[in-house]
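I have placed the structure first, in the form of structure tokens, so that the comments after it can refer back to it.
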Amino acid sequence: MAVLVIADHDGAHLRDTTLKVLSAAKALSPDIDVLVYGAGSATVAVQAAKADGVRKVLTAESAGLNADIAEDVAALIAGLAASYDTIAIPATAAGKNFAPRIAALLDVSIISDVMEVVDANTFVRPIYAGNALETVQTSDTKKVLTVRPTSFAAVAADGGSASVEAASAAADFAGTRFVGEEKVTSDRPELGAAKVVVSGGRALGSAEEFHAVIEPLADKLGAAVGASRAAVDAGYAPNDYQVGQTGKVVAPALYIAVGISGAIQHLAGMKDSKVIVAINKDPEAPIFQIADYGLVEDYKTAVPALMAALG
Ligand SMILES: Cc1cc2nc3c(=O)[nH]c(=O)nc-3n(C[C@H](O)[C@H](O)[C@H](O)COP(=O)(O)OP(=O)(O)OC[C@H]3O[C@@H](n4cnc5c(N)ncnc54)[C@H](O)[C@@H]3O)c2cc1C
């Protein structure tokens, strides 16, 4: 039977994340539909219809869906579930919010953070902050998965020619209301999708230093900026920069960790990066155990030298 992939988008563009979840879906079934919900769904649906392997695109908008209210999104998707045996959701903040709710509505278990599809009922997922991988097999007839996008290659963004149709959404849930949002605006690439990430840790010592040291290096490399939880908790960097078990999971081509010790909770969010570079003045720092290239030096000397070398 078919798979329903829930699209991740910004109201104008389909995110790469969706193309990666589509690749996980392809390992499950040749019949893949995509749901694009929320403001701008018509525009984004046109892009989703072109993605490789998509059979049909469904769209839905309402005040609650446009505001990503979990009750509304979950009700919509649970209402569509009869036609699908698997619902594949990107493991983003929004996806993690509504996915377990859908599973509960359907009275099945959620399988979170899928990193590999073994077969239609068997999946690999990380546990203990990524220090162990467990293979789980479900006997649920309907499967609700969140998929870790960084574990899958994206399908081609074009080549497909799926049909687009509107899905009927239920009335908005009255118990939750969207009040407002504060967005961090940045011209830098998005952390989850960036090819290069430069992250700073507690060593930076202040927000001013973080801005002065980490951001210019990131800009020089066209990189996204990340941070350890210690740097976030101390107010050096905003919360959505956090990389790790309780932050974002990234797997860029190059990850540069500056003044980060390499606690297991941080490694959980970046150890699948292709090349890891660590700058730390403590040769015993655990980050050096996973770094491909390590420099034992004060970042105050190392980063300016790196900047100068980059020209
Ligand atoms: C449930 C739970 C969830 C967590 N989730 C996360 C998470 O998602 N992400 C995360 O990052 N952490 C997370 N943590 C916190 C984690 O355990 C660590 O406390 C944190 O990662 C440490 O951050 P840090 O490496 O910046 O700081 P520290 O561990 O203090 O390391 C700072 C490093 O900088 C080096 N240094 C100091 N001065 C200099 C200098 N001048 N030049 C070069 N190097 C220098 C030091 O040698 C040291 O290695 C979590 C913890 C718990 C309990």
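Atoms within a ligand are numbered from 1 in the order they appear, just like the ligands themselves. Numbers for residues simply follow the sequence, beginning at 1. Computed over heavy atoms, backbone and side chain alike; hydrogens, waters and symmetry mates excluded.
- Summary of contacts: the protein heavy atom closest to atom 24 (P) of ligand 1 is S228 OG, 3.5 Å.
- Ranking protein heavy atoms by distance to atom 5 (N) of ligand 1, first place goes to T246 OG1, 2.6 Å.
- No hydrogens or angles considered: nothing links the side chains of Y37 and T59 as a donor-acceptor pair under 3.5 Å.
- Judged by distance alone, with hydrogens and angles left aside, the side-chain atoms of N239 form no donor-acceptor pair with the main-chain N or O of V232 at under 3.5 Å.
- At least one heavy atom of G247 sits less than 4.0 Å from an atom of ligand 1.
- When non-hydrogen atoms are compared, ligand 1 lies under 4.0 Å from the side chain of Q242 (C-beta onward) but not from its backbone.
- Across E209, K248, Q265, H266, heavy-atom proximity to atom 50 (C) of ligand 1 is greatest for Q265.
- In this structure, the protein non-hydrogen atom closest to atom 36 (N) of ligand 1 is A203 CB, 3.4 Å.
- The shortest N or O to N or O distance between G259 and ligand 1 is below 3.5 Å.
- Closest non-hydrogen pair, V34 versus A7, comes out as CG1-CB, 3.9 Å.
- Residue-ligand proximity, E297 to ligand 1, at heavy-atom distances under 4.0 Å covers atoms 42 (N), 43 (C).
- H266 places a side-chain N or O within donor-acceptor distance of the main-chain N or O of V243, the cut-off being under 3.5 Å.
- Protein heavy atom nearest atom 19 (O) of ligand 1, with residue, atom name and distance: R202 NH2, 4.4 Å.
- Nearest to atom 49 (O) of ligand 1 by heavy atom, out of D282, V303, N280, is N280.
- For the atom pair NZ of K271 and CD1 of I290, the computed distance is 8.0 Å after rounding to the nearest 0.5 Å.
- When hydrogens are left out, the protein atom nearest atom 41 (N) of ligand 1 is D298 OD1, 2.9 Å; that is the closest non-hydrogen contact.
- For Q245, a nitrogen or oxygen atom sits less than 3.5 Å from a nitrogen or oxygen atom of ligand 1, counting backbone and side chain alike.
- A salt bridge links R148 to D113: at least one charged side-chain nitrogen sits closer than 4.0 Å to a carboxylate oxygen.
- For ligand 1 and A263, the ligand atoms under 4.0 Å from any heavy atom of the residue are 16 (C), 17 (O), 18 (C), 21 (O).
- For ligand 1, the polar-atom distance check finds an N/O of V243 within less than 3.5 Å of one of the ligand's N/O atoms.
- Counting heavy atoms of neighbouring residues, nucleotides and ligands inside a 6.0 Å radius, atom NZ of K142 exceeds 12 of them.
- Using a 4.0 Å cut-off between charged nitrogen and carboxylate oxygen, E134 and R125 count as a salt-bridge pair.
- Distances from atom 29 (O) of ligand 1 to the heavy atoms of G244, S261, A230 put S261 nearest.
- Side-chain polar atoms of D119 and T122 form a donor-acceptor pair below 3.5 angstrom.
- Closest protein heavy atom to atom 40 (C) of ligand 1: Y299 CD2, 3.4 Å.
- For D292 and K274, the salt-bridge test fails: no basic side-chain N is under 4.0 Å from an acidic carboxylate O.
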When the side chains of residues 160-172 are checked against the rest of the protein, which donor-acceptor pairs come out under 3.5 Å, sequence neighbours left out?
from: D172; atom 1: OD1; to: S62; atom 2: OG; distance (Å): 2.7
from: D172; atom 1: OD1; to: G64; atom 2: N; distance (Å): 3.3
from: D172; atom 1: OD2; to: A63; atom 2: N; distance (Å): 3.3
from: D172; atom 1: OD2; to: G64; atom 2: N; distance (Å): 3.0

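- Looking at H9, its side chain does come within 3.5 Å of a backbone N or O of G11 through a donor-acceptor pair.
- Contact atoms of ligand 1 toward G201: 26 (O) (distance under 4.0 Å to a heavy atom of the residue).
- The proximity of V258 to ligand 1, defined as any non-hydrogen pair under 4.0 Å, does not occur for either the backbone or the side chain.
- Distances from atom 12 (N) of ligand 1 to the heavy atoms of M270, R229, E284, K281 put R229 nearest.
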